[in-house]
Amino acid sequence: MSEDRMLQSVTCLGCGCGCDDLTVRVRDGRIAELSPPCPVARQWFGDGSVPREIRTDGQSTTVEQAVEAAAALLSGAEHPVVIIAPDLTTRAQCIAIAVADALRAEVDGTTSDSAAAGMLVAQRRGRAAASLGEIKNRADMVLFWAVDPRERYPRYLERYAAAESATHVRSRRFVSVSVGDDRGPEPAELAAQFAPGEEVDALAIIQATLRGRRPGELPPRLQPAVAIAERLLQGKYIAVVHDAEALGAGRDPQRVEGLLALTQLLNGPTRAALSSLRAGGNRSGAEAALTWQTGYPMRVSFREGHPHYHAGRAGLERLGSDGADALLVAGSVAPLDHPALALGRIPAVVIGPRASAMAGARVAIDTGVAGIHEAGTGYRMDEVPLPLTSLLEHPRGAAATLGLLLSVLRRRAEAKPG
Ligand code: SF4
């Protein structure tokens, strides 16, 4: 008889929106339907099937033997690196950090360079953030800066920034700014376009206008900046929306600094919050867990026996440059892209969803995916924790497997003479 189940209020980690209102139909051990429809969610969930292999040096083995081999490889390294990759529950992320501590390793999540830049700016200047719920219920003016959320965050508008029902606003007004190829959404009450080289000047002109300073004669292409400032002052609560994961050439690294300064300035005459769109897979959870356990959200080193911030290159970038001689990837290896991984140059242990897909891994243990096979907690882009459901069965959870590795590492450490 075919199994047919309908699960309600399922949380999706397909992007950082963390929508927790999905209905999922499971039939014959596969995900058959998702609603409401979202193309990114459809891709992230797939039909829920993932591999279930356990391999050591390419040979199938038991989980106990694979974990022993992983512990031997990692504890024998001088400079191990632990990468907390996507699609883990926060409990599994915490255990991966404890593994890094036990190994005196470097540990990092998969925070993108642009998101990392935003965090460092916020540490320097302070934050001007709000929960997505507050934006939904209070923002009567939304400024989209160089992002149309519909592309990578498909339901951000309908659930938050352009939600039809809200407790404190009846209507909203939209200002859309495009920068080069980074287009803002249409239609909007006011739309402007700047070239990438004009972006920082445009932000400075908006800030000057908000301060009540009239800029002198402006070139025609920058004149819309004055109109944007004047329009923003008509709002009671302004959400400034940008893509914290914007990558690639042509993006000005000072964009996030300028947007944060603008948002803080708006908090004089009105109320404003910066809404930073983040990718999914519980990346925000990894940053939260690192902060609880080490004091830093990324790029942490335990090499000296205590956590300290290792400024500079992110975890994956360090593989080829800092003498890393062993690697543990905890999480989904699929989104990682680094030549050292592809070529198998560094002896690697992979514990997570689709681990066996990583060519050249010395130890690969496939686990379920957080929010599809493994229940727990995941974090939305605004750092609100959400429950994750187990929809399908998988023989192994990442948290339990990493916990097994941690206990073997501790046992080996206790057994060491001296
Ligand atoms: S918007 Fe993001 S979190 Fe929401 S359903 Fe789509 S992919 Fe999932």
Identify the heavy atoms of Arg42 and Ala32 that sit nearest to each other, and give their distance.
NH1-O, 4.2 Å

If we count only N and O atoms by modelled type, under 3.5 Å, do the side chains of Glu186 and Ser176 hold a donor and an acceptor together?
no

Verify whether one side chain among Glu106 and His310 offers a donor that lies under 3.5 Å from an acceptor in the other.
yes

Is the number of heavy atoms from other residues, nucleotides or ligands under 6.0 Å of Arg159 CZ greater than 12?
yes

Between the side chain of Arg138 and the main-chain N/O of Ile135, is any donor-acceptor distance below 3.5 Å?
no

Stepwise side chain to side chain contact (heavy atoms under 4.5 Å, CB included) check, Arg354 with Val369
CA-CA 9 Å; Arg354 305 174 190 89; Val369 181; 4.2 Å; yes

Between Glu383 and Ser284, do the side chains contain an N or O donor and an N or O acceptor separated by less than 3.5 Å?
no

For a side chain to side chain contact (heavy atoms under 4.5 Å, CB included) with Ile84, tell me which candidate from Val99, Val329, Ile97 qualifies.
Ile97

Between the side chain of Ser407 and the main-chain N/O of Leu404, is any donor-acceptor distance below 3.5 Å?
yes

Minimum heavy-atom separation for Leu262 and Leu210, please, with both atom names.
CD1-CD1, 3.3 Å

Classify the ring geometry between His394 and His373 as parallel (under 30°), tilted (30 to 60°) or perpendicular (over 60°).
perpendicular

Which atom of Gly126 lies closest to which atom of Gln264, heavy atoms considered:
O-NE2, 3.1 Å

Considering residues, nucleotides and ligands other than Arg127, do more than 12 of their heavy atoms fall under 6.0 Å from its CZ?
no

Is there a donor in the side chain of Arg183 and an acceptor in the side chain of Gln193, or the other way round, less than 3.5 Å apart?
yes

Minimum heavy-atom distance Thr89-Ala370, with the two atoms named
N-CB, 3.4 Å

Judged by modelled atom types alone, do Tyr379 and Glu287 share a side-chain donor-acceptor pair under 3.5 Å?
no

Shortest non-hydrogen contact from Ala139 toward Arg172
O-NH1, 2.8 Å

Between Met381 and Leu277, is any pair of side-chain heavy atoms under 4.5 Å apart?
yes

Is the backbone of Ala272 close enough, under 3.5 Å, to the side chain of Asn267 for a donor and an acceptor to pair up by distance?
yes

Is Asp140 reaching over with its side chain to a backbone N or O of Val169, donor-acceptor style, under 3.5 angstrom?
no

